[in-house]
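Worksheet for the structure shown next.
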Amino acid sequence: VQLQASGGGLVQPGGSLRLSCAASGRTFSNYAMGWFRRAPGKEREFVAAIGWNGATTYDADSVKGRFTISRDSAKNTVYLQMNNLKPEDSAVYYCAARSWVYSRSSNEYNYWGQGTQVTVSS
C-alpha cells in the first residue's frame with residue numbers, strides 16, 4: 001500500500017484543518033488506518049485510528065472531542081478533521097495502514113505515508 005498524506009499547513013489557535021491520506025496499491029477496504037504525529041524533540045504518538053469496519057479510536061487525553069477520523073472507501077482516502085487546534089497540536093502528522101483491525105501502536109502498522117506538517121501558531 002502506498003500512502004500520500006496532505007492537508008497540513010499553518011493555522012491560528014482555534015482554527016481547523018482537514019488532513020487527507022490517499023491510499024493506492026491494495027484493497028483499501030481491507031485496511032485499518034491510523035494517524036500519528038511527532039513534534040520536535042518528542043516521540044511519535046498515536047492520534048486516531050479507524051478499522052476496516054469504520055470503528056474508531058482516539059487518544060482521549062489530547063484530541064478526543066476535537067479531532068474526527070473518517071474514511072471514504074470510494075476515494076481510498078482517510079481523513080482527519082482537526083478542530084479547535086492548539087499550539088501543542090503542532091507536529092508532523094503521519095498516516096499508516098495495517099490489515100483489518102486498528103491498533104494504537106505504531107509498531108503494528110506496516111505502511112506509512114511521508115508526513116504532513118501542521119503548525120498552530122498566532
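Computation of the quantities below employed the complete heavy-atom set of this structure, encompassing side-chain atoms and omitting hydrogens, waters and symmetry-equivalent molecules.
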* To do: Determine the minimum heavy-atom distance between T57 and R104, stating which atoms define it.
  => OG1-NH1, 2.8 Å
* Asked: If two hydrophobic side chains count as joined below 4.5 Å and joins carry through other members, does V11 share a cluster with F67?
  -> yes
* Walk me through it: do R98 and S103 pass the test side-chain hydrogen bond (donor to acceptor under 3.5 Å, both in side chains)? => CA-CA 8 Å; R98 69 185 303 269; S103 171; 4.9 Å; no
* To do: Could you tell me which non-hydrogen atom of S90 sits nearest to which non-hydrogen atom of A39, and how far apart they are?
  => O-CB, 3.6 Å
* Taking all heavy atoms of L3 and all of C21, pick out the closest pair and write down the distance. => CB-SG, 3.9 Å
* Is it possible for you to check whether R71 lies under 6.0 Å from the centre of the six-membered ring of F28, through NZ or CZ, and within 45° of that ring's axis? => yes
* To do: Please name the residue in the list Y31, Y102, W100 that meets the ring pair (Phe, Tyr, Trp, His ring centres under 6.0 Å) test with W52.
  => W100
* Asked: Between R44 and W112, is NZ or CZ placed under 6.0 angstrom from the six-membered ring centre and within 45° of the ring axis?
  -> yes
* **Straight-line distance of S6 OG to Q4 CD, nearest 0.5 Å** => 7.0 Å
* Between Y79 and L19, does a side-chain contact (heavy atoms from CB on, under 4.5 Å) hold up when you go through it step by step? -> CA-CA 6 Å; Y79 303 99; L19 306 184; over 6 Å; no
* **Distance-only polar pair, side chains of N83 and S16, donor-acceptor under 3.5 Å** => yes
* Distance in Å, K75 NZ paired with S20 OG, rounded so as to fall on 0.5 Å steps -> 9.0 Å
* State, to 0.1 Å, how close Y109 and G34 come at their nearest heavy-atom pair, and which atoms those are. => CE2-N, 3.7 Å
* **Y94-I50 co-clustered via ILVMFWY side chain contacts under 4.5 Å** => no
* Euclidean distance, L80 CG relative to R37 CZ, rounded to 0.5 Å -> 9.5 Å
* **Heavy-atom pair with the smallest gap, counting every atom of S122 and P13** => N-CD, 3.7 Å
* Hey, could you give me the CE/OG1 distance between M33 and T56, rounded to the nearest 0.5 Å? => 14.5 Å
* Rounded distance [0.5 Å steps], CD in Q2 versus OH in Y111 -> 9.0 Å
* **Any side-chain heavy-atom pair of L10 and S121 under 4.5 Å** => yes
* Structure fact -> Rounded to the nearest 0.5 Å, the CD atom of Q81 sits from the CG atom of L17 at a distance of 8.5 Å
* Asked: Which class fits the ring pair F46 and F36: parallel under 30°, tilted 30 to 60°, perpendicular over 60°?
  -> perpendicular
* Asked: Are the side chain of T116 and the backbone of G8 linked by a donor-acceptor contact shorter than 3.5 Å?
  -> yes
* Do you know which of D59, D89, V63 makes side chain to side chain contact (heavy atoms under 4.5 Å, CB included) with V47? -> V63
* To do: Could you tell me whether the side chain of Q114 and the main chain of A5 form a donor-acceptor pair under 3.5 Å?
  => yes
* Any link between Y58 and V78 through a network of hydrophobic side chains (Ile, Leu, Val, Met, Phe, Trp, Tyr) touching at under 4.5 Å? -> yes
* Any idea which heavy atoms bring A23 and V1 closest together, and the distance? -> CB-CG1, 4.1 Å
* To do: Could you tell me whether R38 and E43 have a side-chain N and a carboxylate O separated by less than 4.0 Å?
  => no
